[in-house]
Amino acid sequence: MEKLTGAVVHPAQIADSTHLSDDDALKISARAVLEDFEAVTNGMKRPDSDDESTVDNQSDPMSSWRILINAIAAFYQNDITAMKILVRSFPCNSPAAVLRNVFEILAGKPTNPDAADRFANSLLVRRKELSDGLDLLEEAALYSEQLRNEISRYLPALAQESIEGSKRLYYWAMEHLAEDEPLTELDELSVSVPGAGEASRICALASIRYDPDRALLAWMRSLHSVITERSITSSEATARLMIAGELMESAKRNELLTGEIISSVAASLKSSYTMMETLLPALPPVPTDPEDLYNWLIQAGKADLPVNKLVKQRKRKVKTRELFLFDEVSS
Amino acid sequence: MTLDDILDFPYDPWILLGVTRETDDKAVEAAWKRAGSPKSGILSEAYEMLRDEPSRLRTILLNPRPYARATDAESAMKKHPVYVGPGAWYEAIARRSRP
C-alpha cells in the first residue's frame, strides 16, 4: 500500500483497474474519491468533514486525494484559513502536492506576471512551431528526394540526443518516402544509428517484394548489426540465417544474384562469424561458392544446439572438415 | 510455411488464435484445438506460423510491426482491420511502388 501511495497518480488507475474485483475495498474507495472529486469541483456537494482525511495515512493511497477534495471544498466555502491548513498537510510525495502553488495563489500569494507570460508564450510558441513543422513536413514530402537527404543528414545528430526519436523518424521516413523507390539508401545510415539492426530489418522487409537482392543485403546488414549489438539469442540467429537463405534463393530465382552480392553476403558473414560462433558453436566456416553459401545459410539455420550436445558431437570421429550437424559425412 | 506464405498472410495470427506475443507451444496448440483443430484455412495457417518457437520467431522477423494483442479472435476476424497482418503492409508498400 505504501508503494502504491507514491505510484498512483490518479484514482481512476485503481477504479478502472481490471486486476481488482468490483467489491475490492481499495477499488470502492477509489471510486468514491472520483465521485467526490467530481462533485466538489462542480461546487455541488461539500464532502463530510473527516478528521481522518487530514492525517497523512501512509497505508491509504487515497488519503492525499481526500485532503485535496476537502481543500477544494474549503475554497468554495471561502474558508481560506481551513484551505491553507489542508494544503500544508498535503504529503510531499503525493499527486496533490503538485497543486500546492496553485492553492497558494488562490489564497492570495502574489504571482510573477512575467513568469505567467513566459509560460503562456512558451505554450503558444510550441504550438506554433508544431503546426509550422507539420506544414513544412507536408510540403517537404512533396520533394521526397531532398527530404530523404535532409533526414539522412539529420538522423545521426538526433540519434545522439534520442535513440527512440531517431528510430521513429527513420520508420516514418521509410513509410512516407517510399513512393518511387525503396529507402535502402537510408539503410546506409543504419551503421551509425543506434538500433541499426532493427532499422535494417525494416528496410529489408520494405524491399522483399520487388527488390529481393537489396532486401538480402539489408537483411545481412541487420544480422551483422544485431550480432554486433549482442541483442539476439541463438534461436533468433538461426531464424535470421534461414531467412537470409530464402532471400538468397528469391534473388537467384529473379536472376538478381550477382557475384558482387554473393561476395557482400560472404564478407558480412565472415566479419561477424566469431560472434556468431559464440551463439551457434556448431557453425561451420563460411564458404564463398554461391551454391555452398546458400546451403550453408539453410544448414546454419538448423544449427541451434546447446553446447553440451556439441561436445558429444565432437567426441565422435570426424572424417571430413565439412561437418554439418545433421549431415555427418564419412569418407 | 514459405516466406511468401507469411508475406501474403493478411491477418495477425496471434489475434486469430487469441494468444499473446509471450505465448508458448502448449498455449498455441490449445488455442488451435479450441478452434476445432482445422487442417486448412486461415486458422490452420495461423497455427503453422506460431506452432513452435522457430516458427514464431520467423513470423515476428518477417512482420514489420509489433502485433496487437487481442483476446477475442472472432471479433478480430469480423472487424478485418485495414492493417493487421504482414500481407496488408506488404500490399500497401507494393501499391506505393507501382508506377
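Here the structure is a predicted model, which is why all the values come from computation and not from measurement. Below, read A as the first sequence line, B as the second, and so on, with proteins coming before strands; counting in each chain starts at 1.
- Between the CD atom of A:E249 and the CG atom of B:L3 there is a distance of 11.0 Å, given to the nearest 0.5 Å.
- Ion pairing between a basic and an acidic side chain is recognised when a charged N comes within 4.0 Å of a carboxylate O; A:E236 and B:R58 show no such pairing.
- One distance of note links CD1 of A:I243 with CG of B:L62; it measures 4.0 Å at 0.5 Å rounding.
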